[in-house]
Amino acid sequence: QVHLVESGGGLVQTGGSLRLSCTASGSNFNENAMGWFRQAPGKQRAFVATISGTGISTYLTDSVKGRFTISRDNTRNTVYLQMNSLKPEDTAIYYCAARNDPRYEFHETGYNYWGQGTQVTVSA
């Protein structure tokens with residue numbers, strides 16, 4: 001069983017930055033591709049970014065390309081989401097997810113474990 005704990009959310013003004021962290025326990029971390037998803041109020045949870053087990057391959061949704069970066073530190077069992085130039089439409093609960101496969105995945109159904117979520121609020 002993999003346990004994921006997110007941190008780093010908060011309130012920020014438009015144009016600001018935040019870095020989300022997600023630390024995993026109970027896994028061979030480099031065998032788990034990781035993903036970030038978000039759920040805005042009144043909307044379904046949506047894909048944001050994913051990274052392979054080695055960290056070599058990443059994929060981000062178009063709306064965050066050029067603003068967000070996903071990375072991981074396998075020595076710390078942690079994946080990061082660096083979010084720059086934040087916009088009000090980025091406001092959401094952000095979830096970290098892990099899958100029992102080192103290949104990255106952008107479909108929610110491809111993930112086996114989920115964190116509890118962390119709130120990101122971007123004020124106008």
Side-chain angles (χ1 to χ4, degrees):
Q1 186 74 13
V2 177
H3 184 57
L4 303 173
V5 178
E6 301 107 329
S7 61
L11 173 63
V12 64
Q13 292 184 330
T14 296
S17 297
L18 285 173
R19 187 177 80 158
L20 305 183
S21 300
C22 172
T23 300
S25 59
S27 75
N28 293 321
F29 190 63
N30 61 357
E31 296 179 3
N32 301 119
M34 302 295 292
W36 287 98
F37 292 77
R38 65 186 179 184
Q39 187 167 20
K43 295 187 178 181
Q44 291 187 326
R45 191 158 56 186
F47 168 77
V48 177
T50 182
I51 188 166
S52 63
T54 61
I56 292 175
S57 300
T58 63
Y59 186 85
L60 293 90
T61 194
D62 285 347
S63 62
V64 306
K65 286 179 180 176
R67 301 189 297 123
F68 291 11
T69 303
I70 186 170
S71 62
R72 64 191 294 158
D73 183 345
N74 286 353
T75 67
R76 297 177 183 270
N77 282 16
T78 300
V79 62
Y80 304 98
L81 186 68
Q82 178 66 44
M83 306 186 294
N84 299 328
S85 302
L86 282 161
K87 304 175 181 180
E89 51 264 44
D90 295 317
T91 294
I93 299 173
Y94 282 71
Y95 296 91
C96 170
R99 65 193 303 257
N100 292 328
D101 190 308
R103 296 169 295 179
Y104 72 48
E105 173 62 60
F106 47 84
H107 290 300
E108 182 175 339
T109 56
Y111 288 85
N112 305 99
Y113 309 100
W114 293 84
Q116 81 287 350
T118 185
Q119 177 71 48
V120 171
T121 303
V122 185
S123 63

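Every heavy atom of this structure was used, including side-chain atoms; hydrogens, water molecules and symmetry mates were not. By convention here, the first residue in the shown sequence is residue 1. Predicted model, so just to flag it, every value in this text is computed and none were measured.
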Worksheet item: R67 versus M83: any side-chain heavy-atom pair under 4.5 Å?
Response: no

Discussion item. Applying ring pair (Phe, Tyr, Trp, His ring centres under 6.0 Å) as the test, list every pair that has at least one member in residues 7-37; sequence neighbours left out.
Written reply: F37-F47, F37-Y111, F37-W114

Worksheet item: So which pairs with a foot in residues 40-50 pass salt bridge (Lys or Arg N to Asp or Glu O under 4.0 Å), sequence neighbours left out?
Response: R45-E108

Worksheet item: N30: what forms a side-chain hydrogen bond (donor to acceptor under 3.5 Å, both in side chains) with it, not counting sequence neighbours?
Response: none

Worksheet, complete the sentence: Rounding to 0.5 Å, atoms NE2 (H3) and CD (Q116) come to a distance of 7.0 Å

Discussion item. What I want to find out is whether D90 reaches K87 closely enough, with some N-O distance under 4.0 Å, to be called a salt bridge.
Written reply: no

Practice prompt. Please step through side-chain hydrogen bond (donor to acceptor under 3.5 Å, both in side chains) for the pair T78 and T23, ending with a clear verdict.
Written response: CA-CA 4 Å; T78 300; T23 300; 3.1 Å; yes

Item to complete: Is it possible for you to say whether I51 and F106 belong to one hydrophobic cluster, with membership spreading through side-chain heavy-atom contacts below 4.5 Å?
Response: no

Worksheet entry | Least distance between heavy atoms, A92 atom then R38 atom | CB-CB, 3.8 Å

Worksheet entry | Qualifying residues under side-chain hydrogen bond (donor to acceptor under 3.5 Å, both in side chains), relative to R19, sequence neighbours excluded | none

Response to the item:
What one should report as the nearest heavy-atom pair of V79 and C96 is CG1-SG, 4.0 Å

Discussion item. Tell me whether E89 at atom CD has more than 12 heavy atoms from other residues, nucleotides or ligands lying less than 6.0 Å away.
Written reply: yes

Worksheet item: Which heavy-atom pair separates T50 from M34 by the least distance, and what is that distance?
Response: OG1-O, 3.0 Å

Fill in: Check: S123 main-chain N/O paired with T14 side-chain donor or acceptor under 3.5 Å
yes

Worksheet entry | Minimal non-hydrogen separation, L18 against L86, with atom names | N-CD1, 3.9 Å

Response to the item:
A98 and L4 have their tightest heavy-atom pair at N-CD1, 3.7 Å

Worksheet item: Rounded to the nearest 0.5 Å, what separation is found between the CG atom of N84 and the OG1 atom of T69?
Response: 6.5 Å

For residues 53-60, which side-chain N or O atoms pair as donor and acceptor with protein atoms under 3.5 Å away, sequence neighbours left out?
residue : atom : partner : partner atom : Å
T54     : OG1  : S52     : OG           : 3.4
T54     : OG1  : I56     : N            : 3.2

Discussion item. Give me the atom names and distance for the closest heavy-atom approach of G9 to V120.
Written reply: CA-CG2, 4.2 Å

Worksheet item: Quick one: does N32's side chain have a donor or acceptor within less than 3.5 Å of a partner on R99's backbone?
Response: yes

Worksheet entry | Pairs touching residues 74-100 that satisfy ring pair (Phe, Tyr, Trp, His ring centres under 6.0 Å), sequence neighbours left out | none

Worksheet item: Is there a side-chain contact between V48 and V64, using heavy atoms and a 4.5 Å cut-off?
Response: yes

